[in-house]
Each structure stands twice: as structure tokens, then as C-alpha cells.
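Below is one structure, written out as C-alpha cells; the observations come after it.
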Amino acid sequence: MYGVGRLVDNCPHPSGWDTADDGEERCHTCGTRRFTHYGALRPPGLPVALTPAPRDATRADRSAAVAISHTLYRRLTNWARAGAALRPVA
């Protein structure tokens, strides 16, 4: 198994984890790092939670629904054209 550009053994982490203050944990056996808090991966100075306003979330949902419906319509139209072009002429 490959991970992060190096060969990694399948370690079941039997010896436990060392915990750091920033939400990082490290396996005693293999040295694998895992992050228990998303904040450990975020640059300092950003707000703790980024929650969009309900109005913005609703607009985003509607925009995504429109984009999906347009894509579906285009694919169905293309399939219909392809089907018509591939039918044998009698």
C-alpha cells in the first residue's frame, strides 16, 4: 500500500497513540499521524467555524439543482441524437 509518497506497512496500531495539543496523534509503532480535530489542518487566524447564512445555503442548493438538471437534459438530448443517427435506414 502506498501513502504520501512512501511505502507504508499495514499497521493495526496495537501500541496506541501519542497525543499532541493541536489534535495530532502519532502511532507508537509505525509513526502514522492522524488528526482528530480539523483545526489542526487549518492555518492559524481563521475563524473556528465557517457556516453560510441559510439564505446563501438555499441559493447554493437551488443553483446546484439547476446545474444538475441542465446536465441531465443535455445528456438525454445527446443520447437521443446518437440513437437517431445510429438507427439503420430502411
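This one's a predicted model, so the numbers in the text were calculated from it and none came from an experiment. The chain is numbered in sequence order, starting from 1.
Partners of His13 by ring-ring contact (aromatic ring centres under 6.0 Å, His included), not counting sequence neighbours, listed by chain and number: Trp17. Checked against side chain to side chain donor-acceptor pair (under 3.5 Å), Arg26 has the following partners two or more places apart in sequence or in another chain: Glu24. Here Arg33 pairs with nothing under the side chain to side chain donor-acceptor pair (under 3.5 Å) rule; sequence neighbours left out. Evaluation of the side chain to side chain contact (heavy atoms under 4.5 Å, CB included) rule for Thr29 yields Cys11, Pro14, Ser15, Cys27 as partners, not counting sequence neighbours. Contacts of Thr19 classified as side chain to side chain donor-acceptor pair (under 3.5 Å), with partners at least two apart in sequence or in another chain: none.
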Scan the side chains in residues 64-74 for donor-acceptor partners under 3.5 Å anywhere in the protein, sequence neighbours excluded, and list what turns up.
residue, atom, partner, partner atom, Å
Ser69, OG, Ala65, O, 3.3
Ser69, OG, Val66, O, 2.8
Thr71, OG1, Ala67, O, 2.9
Thr71, OG1, Arg74, NH2, 3.4

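At most 12 non-hydrogen atoms from other residues, nucleotides or ligands lie less than 6.0 angstrom from CZ of Arg59.
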